[in-house]
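Keep in mind the model is a prediction, meaning the values are calculated, not measured. Order of appearance sets the numbers: ligands from 1, and atoms from 1 within every ligand.
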Amino acid sequence: MTHLVEMKGIEKRFPGVHALKAVQFDLKPGEVHALMGENGAGKSTLMKIMSGIYARDGGEMFVDGNPVSPDSPRAAQDLGIGIIHQELSLMNDLTAAQNVLIGREPRRSFGRLDEAALNAKTAEIFASLNLSMDPRTQVSTQTIARQQLIEIAKALSYNPRVLIMDEPTAALNDTEISELFKVIAKLRADGVGIVYISHRMDEIKRIADRVTILRDGAYIDTVGAAETPLATIIQLMVGREVTQSAPVIPDTSQNPVALEVRHLSRGKEVRDVSFDLRKGEILGFAGLMGAGRTEVARIIFGADPRDSGEILVDGKPVNIRTPHAAVEAGIGYLSEDRKHFGLAVDMTVRANIAMACMAQFTSRAGVLNETAMKDIADKYIGQLGIRTPSDVQQVRLLSGGNQQKVVIAKWLLRDCDVLIFDEPTRGIDVGAKSEIYALLEDLAAQGRAIIVISSELPEVMRLGHRIAVMCEGRLTAILPGGADVTQEQIMEYATQRDTASRFSEEVL
Ligand SMILES: Nc1ncnc2c1ncn2[C@@H]1O[C@H](COP(=O)(O)OP(=O)(O)OP(=O)(O)O)[C@@H](O)[C@H]1O
Ligand SMILES: [Mg+2]
């Protein structure tokens, strides 16, 4: 069988980075080919070459056996190659339909835009995705997850024969992921070849036919998904065995309470939520998307107002109305929407890490102590394994996962007594995940109080000393962490609709 696409000996260099070293990859019609590797391994770069965004420095590429060198996204589209990017690239001020059919809007005579046709055509694509959304909706009003779905619709509008998905599920919930997988199954049945990039290991078994692994820009192997154990794939990715340290749950029941939340309410999103967080404790927050976990965090952080309720820090009531005031009160929040709130992408890694506490690096005369900033930046680059040629690289030139590590470093450096991490490991590879877990546990051991919100249950269960479960704005349970809790128990409370709220008092 001829390959839809074949790449051989692909080379790519950036200043200071040999991003791809003689990499090979091929794609057959009707298969899902997963591309795996740690953050910075070269996955996105290889796919940007396939889709005409970057030019390759060496090697060959074939479509249907014919040599090609797409030199623009347009040229790649003409070859039938479409890509859904890791970073969203939508125009926020336009409608969903205007984004989906951008540059190809249906027109009437005299070149006037045909709104009706534009919206109808988009509605058709949305329907094929099982997505209920008005095509006239402005993109900026939509959640990240729904923007991701608009991006997918846009790629499908070109009727691609090859569709590259670069971490399409990073921001989707379980229902949305299932919908996406149905779309993928349909495309595959139509003979479309799909390249699938994800750090969610469980997805690989669910949808991939073959898996190609890259490590440090080098091609490692291509294996069948069904017959290869996940542990083998992980080992090929990281080049060593990843040992999952068993969580040790310290006894923090006698520690002073760092944060008290009493009867917190805001509309329907947060309904009468109360809990305590002790110094040295990690409280995991589980729940389905929209359960109200992020809303609780945003109110505590002063990013949203509350209707009623009280927040106490070290036993004293505080009235936090802005994130600035929250940081002053010793509360930090790593938002789930890091692209918009976390990073100055045109600045260097060093500046981004140090930015959180500039005062610490500024002399009384107002002079920046660059050496101290460099030392700190280098420390975190080492600790978190941030892959960058140096600490003065611009953040936008780092791979997606490495950008996220920079945000984490920023918050680790801030001297906050209470730290709230919202989806801290989204887009982060398996190896780096365990390093981040270890860092959070270290912080707790130093006496910080930590909240971890995660849509990945194993993550909440791995980290949480106790696990708070939310459903439809209410706190439905606080369960013990560690070996004493099962996924089923958590799910039961996460789906416990308006019945009387049960509390397992013994662990409170
Ligand atoms: N435009 C660029 N300029 C300089 N370096 C770059 C550029 N694009 C990528 N790199 C570097 O090339 C390497 C590979 O990056 P790439 O984005 O392909 O990684 P990735 O495998 O997609 O990682 P992730 O899982 O984090 O998304 C990284 O070291 C990255 O910093
Ligand atoms: Mg990437």
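Rounding to the nearest 0.5 Å places CG of L463 at 6.0 Å from OH of Y437.
Every N/O-N/O distance between F14 and ligand 1 stays at or above 3.5 Å. Residue A41 has at least one nitrogen or oxygen atom sitting less than 3.5 Å from a nitrogen or oxygen atom of ligand 1, judged on distance alone. Polar contact with ligand 1: present for L397 (N/O pair, distance under 3.5 Å). Residue contacts with ligand 1: G42 is placed with a nitrogen or oxygen under 3.5 Å of a nitrogen or oxygen of the ligand (distance criterion only).
Using a 4.0 Å cut-off between heavy atoms, N39 contacts ligand 1 through both its backbone and its side chain.
A side-chain N or O of R104 and one of S157 form a donor-acceptor pair less than 3.5 Å apart. Side-chain atoms of Q142 and T137 form no donor-acceptor pair, as typed in the model, at a separation below 3.5 Å. A side-chain N or O of T294 and one of D422 form a donor-acceptor pair less than 3.5 Å apart.
For the pair R350 and F361, the cation does not sit on the ring face, since its NZ or CZ is not both under 6.0 Å from the ring centre and inside 45° of the axis. Geometric assessment of K12 against the ring of Y54 yields a positive cation-pi assignment under the 6.0 Å and 45° thresholds.
Within the structure, the closest approach of G37 to ligand 1 does not fall below 4.0 Å when heavy atoms are considered. Look at E38 and you'll find a heavy atom under 4.0 Å from some atom of ligand 1. Ligand 1 has at least one atom lying under 4.0 Å from a heavy atom of H199.
For ligand 1, the atoms sitting less than 4.0 Å from at least one non-hydrogen atom of S44 are 17 (O), 18 (O), 20 (P), 22 (O), numbered in the order shown with element in parentheses. Taking a cut-off of under 4.0 Å to the non-hydrogen atoms of A19, the atoms of ligand 1 that pass are 12 (O).
Contacts of Y333 classified as ring-ring contact (aromatic ring centres under 6.0 Å, His included), with partners at least two apart in sequence or in another chain: F301.
Of the listed options K43, Q403, E167, K12, K43 places a heavy atom closest to atom 20 (P) of ligand 1.
Scanning the protein heavy atoms around atom 23 (O) of ligand 1, the nearest turns out to be G40 N, 2.8 Å.
Exactly one residue among R215, R387, K43, K405 makes a salt bridge (Lys or Arg N to Asp or Glu O under 4.0 Å) with E38. That residue is R387. Of the residues listed (E179, R206, M165), the one engaging I184 in a side chain to side chain contact (heavy atoms under 4.5 Å, CB included) is M165, and it is the only one.
In this structure, E441 pairs ionically with R462, as a charged nitrogen and a carboxylate oxygen lie closer than 4.0 Å.
Scanning all heavy atoms of the two residues, the minimum distance from R56 to S69 falls at NH2-OG, 3.0 Å.
Listed by chain and number, S44 OG, Q86 OE1 are the protein N/O/S atoms closer than 2.8 Å to the Mg ion (ligand 2), with waters left out.
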